[in-house]
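Below is one structure; the comments refer to it alone.
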Number of protein chains: 2
Amino acid sequence: MSANSRLTIAAHALAWIGLYQRQGHEVATSEQIATSANTNPVVIRRLLGELRRAGLVESRRGVGAGWSLARELESMTLLDVYEAVEPGPLFAMHRTTPDQGCVVGHGIQPAMQGIYEGIEETLRRELARVTLEDVLRDVLAAPR
Amino acid sequence: MSANSRLTIAAHALAWIGLYQRQGHEVATSEQIATSANTNPVVIRRLLGELRRAGLVESRRGVGAGWSLARELESMTLLDVYEAVEPGPLFAMHRTTPDQGCVVGHGIQPAMQGIYEGIEETLRRELARVTLEDVLRDVLAAPR
DNA sequence: ACTGTTGCAACCTTCACTGTTACGACTGTG
DNA sequence: CACAGTCGTAACAGTGAAGGTTGCAACAGT
């Protein structure tokens, strides 16, 4: 499907900020998070910007600037993150309109639309069952 | 997610072949299916080739060549099609290894791996609940 | 005024998907 | 046996998303 890592990196960033704050720090910088995720700070800022628009994090500018959680990790689910960073649908329709003169060409899109909606709804329910607190717990439970 | 239309087109092709065969025809050509799906015959042949490898369709060459179903539509699910045309996982990990010296960088991949596996399993169950017979029925039920 | 960080634009590279052309391989028909 | 129609597949181009990188203005505390 040509999967991307946006949800993974976003969860990484949130878990990092959450843990950092529990260690007594006020804000985390995109530079620190990027080092942990082994990527570029701008990539982190772009993702966190989308999470800010969704109300999951806040940012401060100026000296002592950085990122902090807008809510507790317990109240954030992977669905919140998914919706913030993945706007489009999971499955795409035809790139060009199928032949409307053909029975199948005419009926296929409404048919698949209905099926896909049900499947995506199930995916969302599943994503909503996992909180970022769960993620952080699993992260800390990793061996070694 | 940069979704693609492979599952949609594959379902379209299978429904088309199935309906065509019920109308008394032996085999369908990639040309006919491509016309219905409004795409190029080679695109259809590539997709059907993957479905053939998965044992869902058969092809004949030579004069009177074309494609036919290898099984009844009732016995084919969207999961069969999905697995035939979408090899990779739904969500990707980091493109580069995260900082293993960081607690989060070290634990994030196993954590997300476990979470993603559960979610993909749910997705598969959902795809397995829809047969291609269901798809064809919905196609034929479209208004007008 | 200085400093460190965000916000954001601009650009590049990579990669998957899709579309297209071309042609050899195959097989039933005349 | 030649022909015709279709598959099988390689090769290449176009498109678009994702990710990486650089650069710089804006901001705010010291």
Side-chain angles (χ1 to χ4, degrees), chain A residues 1-10 12-13 17 20 25-35 37-53 57-68 70 84-98, chain B residues 1-10 12-13 17 20 25-35 37-53 57-68 70 84-98:
Chain A
M1 176 87 71
S2 90
N4 63 46
S5 61
R6 298 166 67 80
L7 184 59
T8 303
I9 303 292
H12 186 145
I17 299 172
Y20 197 59
H25 302 91
E26 284 275 327
V27 297
T29 70
S30 61
E31 175 74 34
Q32 295 170 313
I33 302 168
T35 298
N38 194 12
T39 182
N40 192 289
V42 176
V43 174
I44 299 296
R45 290 207 287 270
R46 279 202 288 242
L47 268 175
L48 287 179
E50 296 175 44
L51 298 185
R52 173 160 39 77
R53 255 168 260 131
V57 299
E58 291 167 347
S59 64
R60 292 214 305 245
R61 306 179 69 172
V63 169
W67 302 83
S68 54
V85 302
E86 298 283 0
L90 200 51
F91 302 108
M93 285 296 147
H94 310 61
R95 313 182 86 192
T96 57
T97 306
Chain B
M1 176 88 68
S2 91
N4 64 46
S5 61
R6 298 167 66 83
L7 184 59
T8 302
I9 303 292
H12 186 146
I17 299 172
Y20 196 59
H25 301 92
E26 285 274 327
V27 296
T29 69
S30 60
E31 175 74 34
Q32 295 170 312
I33 301 168
T35 299
N38 194 12
T39 182
N40 193 289
V42 176
V43 174
I44 299 297
R45 290 206 288 271
R46 279 202 290 241
L47 268 176
L48 287 180
E50 296 175 44
L51 298 186
R52 172 160 40 76
R53 257 168 259 132
V57 300
E58 291 166 348
S59 64
R60 293 214 305 246
R61 306 178 68 169
V63 171
W67 303 83
S68 54
V85 303
E86 298 282 0
L90 199 51
F91 301 108
M93 285 297 147
H94 310 62
R95 313 180 88 190
T96 57
T97 306

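Convention: sequence-line order gives letters A, B, ...; per-chain numbering from 1. Quantities reported herein were computed from a predicted structural model and do not represent experimental measurements.
- Qualifying side-chain contact (heavy atoms from CB on, under 4.5 Å) partners for A/A65, counting only residues two or more places apart in sequence or in other chains: none.
- In the helix from C/dA1-D/dT30 to C/dG30-D/dC1, the rotation axis of the first five pairs and that of the last five pairs differ in direction by 10°, rounded to 10 degrees.
- Listed by chain and number, the residues in a side-chain hydrogen bond (donor to acceptor under 3.5 Å, both in side chains) with B/S2 are A/S2 (sequence neighbours excluded).
- The 5' end of DNA chain D is approached more closely, in terms of each residue's nearest nucleotide, by B/S59 than by the other of B/T96 and B/S59.
- Closest of all the heavy-atom pairs between B/A28 and B/I17 is CB-CG1, 4.1 Å.
- Near-neighbour residues of DNA chain D inside residues 38-50 of chain A, defined by a heavy atom below 4.0 Å, number-ordered: A/T39, A/N40, A/V42, A/V43, A/R46.
- Residues satisfying the side-chain contact (heavy atoms from CB on, under 4.5 Å) test with A/R60, not counting sequence neighbours, are A/E26, A/V27.
- Between the OG1 atom in A/T39 and the NE2 atom in B/H94 there is a gap of 9.0 Å [rounded to 0.5 Å].
- Under the side-chain contact (heavy atoms from CB on, under 4.5 Å) criterion, A/L47 pairs with A/R6, A/I9, A/V85, not counting sequence neighbours.
- Comparing B/A3 and B/G62 against DNA chain C, the residue whose closest nucleotide sits nearer the 5' end is B/A3.
- Bracketed by its first and final contacts, the part of DNA chain C lying under 4.0 Å from non-hydrogen atoms of chain A reaches from C/dT3 to C/dT18 in 5' to 3' order.
- Legend: residues meeting side-chain hydrogen bond (donor to acceptor under 3.5 Å, both in side chains) with B/R45, ordered by chain and number and at least two apart, are B/S30.
- Contact of A/R61 with D/dA28 (side chain to base): no donor-acceptor pair of N or O atoms is detected under 3.5 Å.
- For the side-chain contact (heavy atoms from CB on, under 4.5 Å) test, residues two or more places apart in sequence or in another chain that qualify with B/R52 are B/V57, B/S59, B/W67.
- Partners of A/N40 by side-chain hydrogen bond (donor to acceptor under 3.5 Å, both in side chains), not counting sequence neighbours: none found.
- Summarising the geometry, the separation between CD1 on A/I9 and P on D/dG19 is reported as 7 Å, rounded to the nearest angstrom.
- Ring geometry, A/H25 versus A/Y20: the interplanar angle falls under 30°, so the pair is classed parallel (tilted spans 30 to 60°).
- A search for side-chain hydrogen bond (donor to acceptor under 3.5 Å, both in side chains) contacts involving B/T97 returns nothing, not counting sequence neighbours.
- One interatomic measurement links the two molecules: CZ of B/R60 to C1' of D/dG5, which rounds to 13 Å at whole-angstrom precision.
- Residue B/G64 is classed as having no contact, given no heavy-atom separation below 4.0 Å to the nucleic acid.
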